[in-house]
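Down below is the structure, laid out as structure tokens.
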Amino acid sequence: MATNISLTNQFIDLEHQYGAHNYHPLPVVLDKGEGVYLWDVEGKKYFDFLSAYSAVNQGHCHPKIVQALQEQAQQLCLTSRAFHNSAFGPFAAFITEYFGFDKILPMNSGAEAVETAIKIARKWGVQKKGISQEQAQIVVCNNNFHGRTTTIISFSDDQAAKKDFGPYTPGFISIPHNDIKALKATFASNKNIVGFLVEPIQGEAGIFTPDENYLRDVQQLCNEHDVLLIADEIQTGIARTGSLLAVCGNCDCESSCLRQPNTFAAPDILILGKAISGGVYPVSAVLADNAVMDVIQPGEHGSTFGGNPIAAAVATAALNVVKDENLAQNARKLGQLFRNAINEYIKTSNIVTLVRGKGLLNAIVINDSPDSETAWNICLALKENGLLAKPTHGNIIRFAPPLVMNENELMACVDIIVKTLRAFEPN
Ligand SMILES: *Cc1c(COP(=O)(O)O)cnc(C)c1O
């Protein structure tokens, strides 16, 4: 009997044999998390530089969020919304005030919230604009990532996400991101557009931040053409990019500044997920004002777990942590330090061509073909050196640590990253 298989490989073998092969994880088996740190089953400690794709902005197992989960779990977990419960109403009042909208429609996963926004926009188009439901169109961006449902992958460009899953859902027009002329031309040539669905910064595509004026111009065009602006802030929201939402722009406020003069844009529909719960529980939300949200009436949309008491308690605690710990300001400050440090390294580097991003949502581009293994191999080496990050789209590595990181920890991470990259420099 082979008894010398490492604990790590035992867990990986189990997952490989009994779990569907729908992911390609880094070969590390995590067992414990606290704040910015993770530990694997061998007891090795790592800095987390992915934060579960920006779901764990508040850090792993934040005590206040875990406490809210425990207390609510002992009192009431799930009623379905066939009945009222004592947690959802207060949460709805809290989150709408927090982000500055009239109403919330609660769901669980990000993709479900995107689906919800699509349904609301279509129904609004039919009922408020008189567009036939056979004709309604939603404009989306090339290289978008909005989730994994059949409708959402219908307007994806990612062949791996899309191929052989047809037939695809019609009703979507895809144009380049950060291209206001393309949006203008599309609006001008089609009278059946109900919404423009956009990531303020494209995350999965490789952290593409649009021009400074883009979102403001988008907002203005949407207003002129009576088209709903639908912002998917599942990854960019909740302080990740250095303001509460990426659409808030460059302002310093910790709370929502939508509808303030210097805001980039105030979406008609705001989609949130991931860090809305600090990664403790699946919670997503669609926020809109009454004129939009009220198109949905009883029986027309729902979810058994959406708005359940645990989700309400956890999300309230997680959003309070964002404000109490000034996570947006911290992300803005550390993000600047991070990009400065990496830019300094890039001056003498052949392996990294650039660093880009906003707040603590950043990426480096590796100087090799997108088909090469270099970014993957760098991530393996980073893991050996005690830092966990993941490539996205071939030769790009995303760097998104929990926002509770402090400056000393960030500089320790920069040291690990620089030391690791040096080993990949050609001689
Ligand atoms: C992660 C993500 C989603 C999908 O969220 P799930 O919870 O995985 O369904 C949608 N949009 C964006 C921008 C995301 O980053």
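Whatever order the structure lists them in is the order used to number ligands and atoms, beginning at 1. Below, each value reflects all heavy atoms present in this structure, side chains not excepted, and no hydrogens, waters or symmetry copies. For this chain, numbers begin at 1 and follow the sequence in order.
- Under a 4.0 angstrom heavy-atom cut-off, F145 registers as being in contact with ligand 1.
- An N or O contact shorter than 3.5 Å links A111 to ligand 1 by distance.
- K129 contributes a side-chain N or O that, together with a main-chain N or O of D226, makes up a donor-acceptor pair within less than 3.5 Å.
- For Y345 (side chain) and V414 (main-chain N/O), no donor-acceptor pair under 3.5 Å exists by modelled atom type.
- Applying the ring-ring contact (aromatic ring centres under 6.0 Å, His included) definition to pairs two or more places apart or across chains, none involves residues 272-320.
- Distances from atom 9 (O) of ligand 1 to the protein include at least one heavy-atom value under 4.0 Å.
- Of the charged side-chain nitrogens involved, at least one lies within less than 4.0 Å of a carboxylate oxygen, so that K123 and E300 count as a salt-bridged pair.
- Among the atoms of D232, some N or O lies under 3.5 angstrom from an N or O of ligand 1.
- Taking the six-membered ring for Trp and thresholds of 30 and 60 degrees, F187 and H225 have ring planes inclined between 30 and 60 degrees apart.
- The distance criterion of under 3.5 Å between nitrogen or oxygen atoms is met by K274 with respect to ligand 1.
- For a threshold of 3.5 Å applied to N or O pairs, the pair formed by G110 and ligand 1 contains at least one separation below that value.
- Per-residue contacts place E199 under 4.0 angstrom from the following atoms of ligand 1 (heavy atoms of the residue considered): 13 (C).
- To the nearest 0.5 angstrom, L30 atom CG is 15.5 Å from Y37 atom OH.
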